[in-house]
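Here the structure is laid out as structure tokens; the discussion comes afterwards.
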Amino acid sequence: GTTLGASAAERGRYFGAAIAAFKLSDSTYVGILNREFNSVTPENEMKWDATEPSQGSFSYGNADRIVNHAQANGMRIRGHALLWHAQQPGWAQNMSGSALRSAAINHVTQVATKYRGKIHSWDVVNEAFADGSGGGRRDSNLQRTGNDWIEAAFRAARAADPNAKLCYNDYNTDGINAKSTGIYNMVQDFKSRGVPIDCVGFQSHLSNSVPSDYQANLQRFANLGVDVQITELDISGSNQAAVYATVTNACLAVSRCNGITVWGIRDSDSWRTGQNPLLFDSSGNKKAAYTSTLNALNNG
Ligand code: G3I
């Protein structure tokens, strides 16, 4: 293939980008998006603060802009993210206990129902595990509603949109470490008890290197019977092109790795200001990392 999306498709995978609704009027941006990518993730537009700014009052304008663009151009959509400790609306930040639990599950039901049948994969729960050596949950208002909040969210999402793949998504889980093992244990438990989970997202915000056991980590999750996806890839540093190829090859080597999403299109679109971690420069030109990624998709 001659584009990321076409080359990934030849390998039975998608190649996506996180996009912002307000950039869909930028012709350079849309030109690259439509040429190269066959999947999109709304970078902010489906988050809780964006979709339910006041309780029970839903706001889908920007999310719909992205969904409509994706559907018109034959792109898959990764929904991101139904529940997360960050980017909650103020009203939810001020809630706790059973009131928060009810509000959170209602949020999952409403948003997943709104987009039923349109979402390839949903990040049902994002970043619920703590960093460091403990391997446990992150403290948050959601966690304080009870340890079963994650499975309650997955059950509600399944009921609302039975055909979407339901993912758990996190960062600093790219190698085999205490955090990724905590998630591994949760997925194993969910599978054993019939809690609906279909996939695990590995954000892969990387700095110049990738853990040597990156592929092995993807594979151990796949061996539990879930798909794996690389969901927010960006890589800083002088070794960037080689690391992009390594990550791409790891996904290709794991049959249950569905695809790769980069977290933005041009360096100027990245949340990592000044780090130039993406595949296109700020003018929209292909970088060495683009070429190494494309070559890996075609030859890896
Ligand atoms: O839209 C408001 C605008 O109205 C306001 O005036 C302005 C002033 O701060 O903020 C705007 O919101 C910003 C939003 O992006 C939309 O542009 C927020 O401040 C800003 O914090 C927010 O950043 C996003 C960040 O998540 C929030 O935590 C980034 O764009 C987004 O790339 C980033 O994405 C996350 C993933 O969702 C989860 N994994 C990590 C990843 C990187 O942090």
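Atoms within each ligand, like the ligands themselves, are counted from 1 in listed order.
Heavy-atom contacts from other residues, nucleotides or ligands closer than 6.0 Å to NZ of Lys118 number 12 or fewer.
Residues passing the ring-ring contact (aromatic ring centres under 6.0 Å, His included) test with Tyr29: none are found, sequence neighbours excluded. Remark: Arg116 engages no residue in a side chain to side chain donor-acceptor pair (under 3.5 Å) (not counting sequence neighbours).
Residue Trp263 is found in a hydrophobic cluster whose other members, listed by chain and number, are Trp271; membership requires side-chain heavy atoms under 4.5 Å apart, directly or through intermediates.
Here Arg220 does not pair with Asp213 in a salt bridge; the nearest charged N to carboxylate O distance is not below 4.0 Å.
A donor atom on one side chain and an acceptor atom on the other are found under 3.5 Å apart for His69 and Asn34.
For a heavy-atom separation below 4.0 Å, the residues in contact with ligand 1 are Glu43, Asn44, Lys47, His80, Trp84, Gln87, Asn126, Glu127, Gln203, His205, Glu232, Trp263, Trp271.
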